[in-house]
Amino acid sequence: MQKKRWIALTALRKVLTCAICSIALVALFSVHVPVFPSSKVPNFSDPFKLPTQHDIKYQKLSAEQSWTLELAPPHLLKAPLPSRKLDGSSGTVETDKLWKPPPNRDFVPCVEPSPNYASPTESRGYLLVHTNGGLNQMRAGICDMVAVARIINATLVIPELDKRSFWKDSSNFSDVFDEDHFINALANDVKIITKLPKELATGTRAVKHFRSWSGMDYYQEEIASLWEEYEVIRAAKSDSRLANNNLPLDIQKLRCRACYEALRFAPQIEAMGKLLVDRMRSFGSYIALHLRFEEDMLAFSGCTQDLSPAEADELRTIRENTSYWKEKEIDPIERRSKGFCPLTPKEVGIFLSALGYPSKTPIYIAAGKIYGGDSHMAALRSRYPILMNKETLASVEELEPFTNHASQMAALDYIVSVESDVFIPSYSGNMARAVEGHRRFLGHRKTISPDRQADFISGYMKALVRLFDKLEHGTLKDGKNLSNRVIEMHRKRQGSPRKRKGPISGTRGTERFRSEEPFYVNPLPDYPQMQKKSWRTLAAVRKVLTCAICSIALLALFSFSKVPNFSDPVKLPTLDDSSGILETKKLWKPRTSLKFVPCVEPSPNYTSPTESQGYLLVHTNGGLNQMRAGICDMVAVARILNATLVIPELDQRSFWKDSSNFSNVFDEDHFINALANDIKIIKKLPKELATGPRAVKLFRSWSGMNYYQDEIARLWEEYEVIRASKSDSRLANNNLPLDIQRLRCRACYEALRFAPQIEAMGKLLVNRMRSFGSYIALHLRFEKDMLAFSGCTQDLSSAEADELRIIRENTRYWRDKEINPIEQRSRGFCPLTPKEVGIFLSALGYPSSTPIYIAAGKIYGGDSHMADLRSRYPILKSKETLASVEELEPFTNHASQMAALDYIVSVESGVFIPSYTGNMARAVEGHRRFLGHKKTISPDRQGNFFSEYIKALVGLFDKLEQGTLEEGKNLSDRVIEIHRKRFSSFLKDNKAMAVSFLSTVPSLLPLVPVPLNIAATSGSRYPTVSVTIRCNKIEVDTANDDRFHRRDILKCVGATIGMELIRSSGTFVEVAEAADLIQRRQRSEFLSSIKDTLFQAIKANRDIIPSLLTLALNDAITYDKASKSGGPNGSIRFSSEISRPENKGLTAALNFIEEAKKEIDSYSKGGPISYADLIQLAAQSATKQTFLAAAIRKCGGNEEKGNLLYTAYGSNGQWGLFERNFGRSDTQEPDPEGRVPQWDKASVQELKDKFSALGLGPRQLAVLSAFLGPDQIATETLLAADPEVFPWVQKYQRSRETVSETDYEVDLITTFTKLSSLGQQINYEAYTYPVKKVDFSKLKL
């Protein structure tokens, strides 16, 4: 842009800023909002009920606050005072203010219905409700069902309480709640009855799982339509069935009336609760502490803080044995850091002391039995000796009526907590949320919610977890410093009024609703009661403000026809503009990605591969990352040539002499499947072409579309096979069709996944590095081969330099023999030495406590060269120091696999710094850009001048060595300035630099119109456009047109709105083909329960596994293709069949099935399970346990690592088809004799013939060796005698020796799935509740 226009734009920006500030100030000083004080807890005459809004008096004060402060959530508010004290401005929290509730800010309970609210009309039917969960989960569900009954105009039958939850409470509704009061209090809202009329008690009813967080439309349309066929609707669950927001105001008010006025506890519970409150008040003002340090909570959450190893093991066992807890393997450290762990008693004591509560403070423990008892309560009791609970406040006789009823005992805790002066939950569970909401409703009584997550309030403030860790490590002490931090964190977490928090940004579907703040945590209606005058004034000011901003923005838009021509349109700020030293919090913060997101989806015109013209063989070359890039390029080349790609051969003759095959390094099956819609990929060339003629070509480097479409594609006229003798850099970086570029991204970052065993070990290394905190991955290219190849000798002795020179001279394929090391270094061709890296990191500002992962091979010279770096940064780790020799043993002799581990840890690091821009550095940088532009700092080793006094790193290091420059602020300023623009944020391709496609990978590539002066090549399948990839923008190279039109703005806005609508639209649910969604859910839950039952039963009797496998095989292999009879139909259960010679020894397995069936049938709601299903499912469970045991054995018996390895492979995903075939029918007679061989006596040929008759071959026979008898090795020895079966036996034996057993496991699951469905007609409605026909005679017309 011309300089004049740039000055005008700057002036306009200043005017805009001033205008906004002026209007904001006018708004601030114009609005006067009356504020009401918080209410005190009154004395209640009625000992049998909690207070309602009619018992509470509010008095008006003349104080004024801004509307913004009232409605903004606490996490968005600016601090009104500079003080970091909880209350007041003194250095110590004053005692009388510790109990003072927050101001209610004019928010009052609003439960009275609007004038248009009508009494219930004639009911359309009856609503039965089965509640679920504990007391407070059921409370919320009941209140929601009152509102649902109102919405669908139903008569509500008194809900059934959950008697099958963890607590096994047999209480009925009337035992916990005041039934008569509940009915009468809601008489003007819904009709409620105690029991269903007798004539309907056994009639048909619609059983529905109401959709979670549903709104009015769902109930008024989908649910209300059921009245046309049914008189009774039964809600199978009640929790979270109604939306938190966007409901009519009268429905929200009804929820409040139901929960806080109608749903009163039973008289005997209210009386005992009032007695406990009075006894607590005899000690003075008291805190109710909801201490979730109970056995069930700790076992479920997996938290082990302050526990002994024996206690942690005990809780883990409980978790594993509780079938309906899905999550079994939990990382307690990660769980705690995310805020998912309750505070321990010791931590609560520290927290209360830091807040300023004196040791004489009475504390009521609202909890069940504390895990570990006095041993864990000692630390809290030493600080606060007045610890009370219901058991210490009341006698055994007084509590006897409630003792064996968990819901009633919880109700007592609820009452004492609601009536407390201060309520503090150690964990935000159902009770914590319910009590907080009730206290808000009663006048915003003081509730302090501990901040267990990493919530940064100021530069030095960390969450409680980190403060507690610092106390434990001795880096922080109890006292004023700790107190100030804790108080500042919780200044806005005391239960003051605010609007409900909406969903977390970016979440979708169910997760979006789940992330909302529940209604009953903050039950204020959507529109608080305020004076109309103030509201109107505020509305007017907001409109003026909006109009002013829009007017000025439009003026700016229409004032210019093109944008400024910035020399650096995405200029990054200096790392620290004021001091030149990086602030700690900025060291790890990634640079902005400008909302660039990975864009790999093909365009609408992208088609699936057509019939292939031939086969493309690829021989990769170089190290791991050179081969990775080459493979991805060859995928794109195969697409361009319309070729079938044969799995590439890895380079086994490079410097590293690695014998790994493709499947040893990459997940072969995933690679094939992930690219199925792009190209066809096969593992081997067809046999008939294996020895035929082929065109061997060295593809031209950096070639474009024309080269492949014209010169290479012509080879199909003479050859069926083309072999690429090299793969690196064979495809151009730019000027390719957008879909080809996206395909390269899909291939490299989605399809080309490392082998499961490598992924598992990489994840393990990442987790171990993260245990030290945020870490740097340093790609330190100070290895012997790198130094010998480059000829660099900085920081080396003469002897070392001579040794490297000899290596270079003796390596015949390295062309440069005579190299000037000084010239090489000055040109930036040398890696930084360890010593230089240490200086570089210190100058950037990274502290000495920074953990650093060394992503490299063996460092040349070892400790002698690493000493300087280690003296600055002692936490230096590598894969060899993070993992044991046994853990690394499978990878040790394979350079590519070891490099893959470094690659994973580098990609996942907080910051990545390469000491040299080689293949790995470029590959990792590109991958990190693709994943959201993670922070990558590339040292400037060349002479890159930013000002007269700033030189590149080489010059600075030389000055340090010569003594003309010293370490300190001057050096730091220079290093930071040099690297101000060398971060991996948004980057425009630099044509002056040979930057590879995969190191500047595009993240979002929207289509742009092709200029008329750029036409597609005649006859080309892909039009070629010269473009510059800029992640989320493509600039067409048109020299004379740089105008930026207003229509471009409109297009961007339109596209943004369209994408947002698509993103936020609901999921389309297809019509269920075999059963409706409820039936599918019933089947899924039943199948999950069956698998849990079988897993536990087999785990307790592992010797039964071989017999279960053979039992399943013998039941299934009776299938006869000619007559289409037999198969896995459960016929083996008959005594006449199980007693046959081929089934000898299987009686114990059948008895096991019988016992399991009894247990499963006892909880089945959809009828007994068939033997046909159960026998095959038992074999599946036995197979899974066999693979899991093998993984644990390969990890030296370490269950944690074994589970990690097995999970990383993800074999559960392979069982999908098997588990869909759930619904086999039992036959009523034995299958004919002679269809099953005697496995231990039959010859291999007989076995082959039997398998052949079923459509199976030698491969399937070999993979099922474990099913053919108890001794798998003996069976395989027999099978190996046959030349057709031998290769497969050998293949699977080798596969079982690998870490993940990939080939063996996948083939076994595939074969077993096919075998278990032979001749079966699957009933997809099996085990569901039968849909009964409507009795039309009972319909009211």
Counting only heavy atoms from other residues, nucleotides and ligands, does the tally under 6.0 Å from NZ of K1250 exceed 12?
yes

Determine, for E1284 against K1248, whether the closest basic-nitrogen to carboxylate-oxygen distance falls under 4.0 angstrom.
yes

Which pair of non-hydrogen atoms, one from A1262 and one from W1288, has the smallest distance, and what is that distance?
CB-CB, 3.6 Å

Shortest non-hydrogen contact from M761 to E887?
CE-O, 3.4 Å

Please confirm whether the backbone N or O of F1222 pairs with a side-chain atom of R1083, one donor and one acceptor, at under 3.5 Å?
yes

Using a 3.5 Å distance criterion without hydrogens, assess whether the side chain of S1162 forms a donor-acceptor pair with backbone atoms of E1159.
yes

Indicate the ring-plane relationship of F1086 and Y1327, choosing parallel, tilted or perpendicular according to the 30° and 60° boundaries.
tilted

Can you confirm whether or not the ring centre of F671 sits under 6.0 Å from the ring centre of F666?
no

Under 3.5 Å, is there a donor-acceptor pair between the side chain of R694 and the main chain of R723?
no

For S1317, does its backbone N or O pair with a side-chain atom of N1221 as donor and acceptor, under 3.5 Å?
no

Test your reading of the model: is there a side-chain donor-acceptor pair from K1157 to the backbone of I1169, 3.5 Å cut-off?
yes

Do the side-chain N and O atoms of D1249 and S1252 include a donor-acceptor pair separated by under 3.5 angstrom?
no

Does any N or O in the side chain of S1265 come within less than 3.5 Å of the main-chain N or O of L1261, such that one atom is a donor and the other an acceptor?
no

Within the supplied structure, the quantity of interest is the number of heavy atoms (other residues, nucleotides, ligands) at a distance under 6.0 Å from Q1245 CD; does it exceed 12?
yes

Does L1177 offer a backbone N or O that forms a donor-acceptor pair with the side chain of S1181 under 3.5 Å?
no

Cation over ring face, R1102 and F1095, 6.0 Å, 45°
no

